[in-house]
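The structure appears below as structure tokens.
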Amino acid sequence: MGFVYAVIEVTNIIGSEEKYTMPFLVDTGATDMIIPANELERLGIKREGKRNYELADGTVVSYDVGYALLSINGEKVAANVVFGKEKSEPLLGVTVLESAGFIVDPLRQVLKKTAAIPLK
């Protein structure tokens, strides 16, 4: 299986004309999404607190978090966003995928819309 990317449009949840549109690496092992802090600040997204995250190597780090509105393949969803380092690769975690009703098709390396989002 190769890498899966999804083009996502990020905006401020309180409304703004500014947008950040980039291909995000889809990581089903990650919970939240990481966006470079300078891009979130440009959108006017505020730091609402800190959370501890465990990295792939087991290291625990603390990151600032906020909230954004996303558009993934036409589906809009609100999400927690992590203020990443300035040149960090945008990363899409599983929480947003599930909230927007997508799963990863590893064979075709694309996102696939689910018939229904589980509510049980």
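Transitive grouping of hydrophobic side chains (ILVMFWY, heavy atoms separated by less than 4.5 Å) brings Val4 and Leu97 into a common cluster. At a threshold of 4.5 Å between side-chain heavy atoms, the hydrophobic network of Ile, Leu, Val, Met, Phe, Trp and Tyr places Val65 and Leu91 in one connected group.
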Extract all donor-acceptor atom pairs below 3.5 Å that involve side chains of residues 79-86 and protein atoms in other chains or at least two apart in sequence.
none

Taking only distance into account, with no hydrogens and no angle test, what donor-acceptor pairs under 3.5 Å do side-chain atoms of residues 55-62 form with protein atoms, sequence neighbours excluded?
| from | atom 1 | to | atom 2 | distance (Å) |
| --- | --- | --- | --- | --- |
| Asp57 | OD1 | Thr59 | N | 2.9 |
| Asp57 | OD1 | Thr59 | OG1 | 2.7 |
| Asp57 | OD2 | Thr59 | OG1 | 3.2 |

Distance-only donor-acceptor hits, side chain of residues 21-46, under 3.5 Å, sequence neighbours excluded:
| from | atom 1 | to | atom 2 | distance (Å) |
| --- | --- | --- | --- | --- |
| Asp27 | OD1 | Gly29 | N | 2.8 |
| Asp27 | OD1 | Ala30 | N | 3.4 |
| Asp32 | OD2 | Tyr53 | OH | 2.6 |
| Glu39 | OE1 | Arg42 | NE | 2.9 |
| Glu39 | OE1 | Arg42 | NH2 | 3.1 |
| Glu41 | OE2 | Arg47 | NH2 | 2.3 |
| Arg42 | NH1 | Glu18 | OE1 | 2.8 |
| Arg42 | NH2 | Lys19 | O | 2.9 |

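Partners of Lys76 by side-chain hydrogen bond (donor to acceptor under 3.5 Å, both in side chains), not counting sequence neighbours: none found. With sequence neighbours left out, Lys112 forms a salt bridge (Lys or Arg N to Asp or Glu O under 4.0 Å) with no residue at all.
Listed by first and then second residue, the side-chain hydrogen bond (donor to acceptor under 3.5 Å, both in side chains) pairs involving residues 87-99 are Tyr5-Glu89 (not counting sequence neighbours).
In this structure a side-chain-to-backbone donor-acceptor pair under 3.5 Å is missing from Ser71 to Glu9.
Here the CD1 atom belonging to Ile8 is positioned 8.5 Å from the CG atom belonging to Asn73, to the nearest 0.5 angstrom.
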I would like to know whether Val96 and Ile72 meet side-chain contact (heavy atoms from CB on, under 4.5 Å); could you show each step before the answer? CA-CA 9 Å; Val96 173; Ile72 307 168; 3.4 Å; yes
Go through Leu69 and Val10 one step at a time and tell me if the side-chain contact (heavy atoms from CB on, under 4.5 Å) criterion holds. CA-CA 6 Å; Leu69 183 63; Val10 181; over 6 Å; no
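Figure legend: Lys113 and Phe102 shown as a cation-pi pair, the cationic atom lying under 6.0 angstrom from the six-membered ring centre and within 45 degrees of its axis.
For the pair Val104 and Leu111, the minimum side-chain heavy-atom distance is below 4.5 Å.
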